[in-house]
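All remarks here apply to the structure that follows.
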Amino acid sequence: MVLSSLAVLLALSAAASVLAEPLRFVDCGSKDGNIQEVNVSPCPTQPCQLVKGTSYSINVTFASKIESQGSKAKVYGEMLRVDIPFPIPEPDGCKSGIQCPIQKGHSYSYLNKLPVKSEYPSIKLIVKWELVDDQDQLLFCWKIPVQITS
C-alpha cells in the first residue's frame, strides 16, 4: 500500500514538473524585489514555443525588498535591442495574485496570462516582463527567449 502510494505521488510530481518547469531566465534589473522562480506554462523546453492564438500562464515568485501600495506590469517583445510593448489582459499586479499593499520581506506569487495573438508574426524574440512599484522602480524584471509559431 505504501509503495503504490509512493509510486502515485512520484508520478504526479513528475507530471506537475513537466507542466510547470522553472525557466532559466535573465534578471534584467530587479531592484526592489528578488525573483525566486519564473514559470511559463506550457513551455516544456527553451526557447518557449508560443503558438499563435494561444494564451500562456505566467507565475513569478518573488520577495519584496520594499513596501508599495500597488504594482503594474509592463511586458515587451525585445527585438534588435528595441522594446515593443506587448499588451496583457491585466496590468494591475494587485489583481494578479499579489495581495496589496505589498510588504517588505514578504514573498508573493504573481499570476498572469500572456496571450499570443494570431496576427503576430512568426519570429524569434525576447519576452521582457517587468513589475514596477509605486515609485516606478522594478520589483522584478526578467527575460526569456521565445519563438512565435503558427
Side-chain angles (χ1 to χ4, degrees), residues 11-150:
L12 287 174
S13 66
S17 70
V18 168
L19 295 175
E21 187 69 27
L23 292 179
R24 290 180 313 279
F25 63 90
V26 173
D27 188 308
C28 47
S30 304
K31 179 179 184 247
D32 288 347
N34 182 33
I35 301 172
Q36 297 161 337
E37 188 172 78
V38 175
N39 288 299
V40 176
S41 183
C43 174
T45 61
Q46 283 184 269
C48 290
Q49 302 292 312
L50 303 182
V51 178
K52 295 177 191 180
T54 306
S55 194
Y56 294 81
S57 297
I58 307 296
N59 185 350
V60 181
T61 306
F62 72 100
S64 179
K65 297 178 184 176
I66 53 94
E67 293 185 7
S68 181
Q69 291 302 307
S71 62
K72 182 180 177 187
K74 299 176 184 180
V75 182
Y76 305 93
E78 184 183 291
M79 293 181 294
L80 303 172
R81 301 197 191 279
V82 175
D83 289 343
I84 299 161
F86 213 83
I88 55 172
E90 184 53 73
D92 186 345
C94 298
K95 295 179 181 174
S96 303
I98 298 173
Q99 184 169 347
C100 292
I102 295 169
Q103 297 179 15
K104 181 178 181 177
H106 287 226
S107 286
Y108 296 92
S109 252
Y110 168 82
L111 308 167
N112 212 322
K113 295 282 185 191
L114 177 64
V116 181
K117 296 182 179 178
S118 300
E119 59 266 21
Y120 289 166
S122 295
I123 54 170
K124 287 184 180 180
L125 70 148
I126 303 292
V127 169
K128 177 179 171 182
W129 202 295
E130 302 175 345
L131 188 70
V132 297
D133 60 26
D134 290 341
Q135 306 302 313
D136 215 30
Q137 298 295 312
L138 293 172
L139 281 162
F140 65 68
C141 178
W142 53 269
K143 295 181 183 184
I144 60 165
V146 301
Q147 175 151 12
I148 297 176
T149 62
S150 297

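Sequential numbering from 1 along the given sequence is applied to the chain's residues. Keep in mind it's a predicted model, so treat the numbers as computed, not measured.
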With a 4.5 Å heavy-atom cut-off, do [X] and [Y] have their side chains touching?
X      : Y      : value
Pro47  : Lys124 : no
Val75  : Val127 : yes
Lys52  : Ser122 : yes
Leu50  : Leu114 : yes
Ser64  : Asp133 : no
Gln46  : Pro145 : yes
Val132 : Leu138 : yes
Ile58  : Ile88  : no

Can any side-chain N or O of Asn59 pair as donor or acceptor with the backbone N or O of Asn39 at less than 3.5 Å?
no
Main-chain N/O of Glu90 paired to Asn112 side chain as donor or acceptor, under 3.5 Å
yes
Where [X] and [Y] come nearest, the two heavy atoms and their spacing:
X      : Y      : value
Asp32  : Ile66  : CB-CG1, 3.4 Å
Ser71  : Asp92  : O-OD1, 3.6 Å
Arg24  : Ile144 : O-CG2, 3.7 Å
Gly70  : Ser68  : O-OG, 2.7 Å
Asp134 : Gln69  : OD2-N, 2.5 Å
Ser107 : Ala63  : OG-CB, 3.9 Å

Starting at [atom1] of [X], measure out to [atom2] of [Y] and round the result to the nearest 0.5 Å.
X      : Y      : atom1 : atom2 : answer
Ile126 : Met79  : CD1   : CE    : 11.0 Å
Phe62  : Asn34  : CZ    : CG    : 10.5 Å
Asp83  : Lys143 : CG    : NZ    : 7.0 Å
Ile123 : Thr149 : CD1   : OG1   : 12.0 Å

Residues passing the ring pair (Phe, Tyr, Trp, His ring centres under 6.0 Å) test with Tyr56, sequence neighbours excluded, are none
Which residue pairs satisfy the disulfide (SG to SG under 2.5 Å) criterion with at least one member in residues 95-137, sequence neighbours excluded?
Cys94-Cys100
Per ring-ring contact (aromatic ring centres under 6.0 Å, His included), Phe140 is matched among Phe25, Tyr108, Tyr110, Trp129 by Tyr110
Output all residues satisfying side-chain contact (heavy atoms from CB on, under 4.5 Å) with Gln99, sequence neighbours left out; order by chain, then residue number.
none
Checking Lys31, Lys72, Lys74 against Asp136 for salt bridge (Lys or Arg N to Asp or Glu O under 4.0 Å), the one that qualifies is Lys74
Go through Lys113 and Ser57 one step at a time and tell me if the side-chain hydrogen bond (donor to acceptor under 3.5 Å, both in side chains) criterion holds.
CA-CA 5 Å; Lys113 295 282 185 191; Ser57 297; 3.0 Å; yes
Lys104 atom NZ, over 12 foreign heavy atoms within 6.0 Å:
no
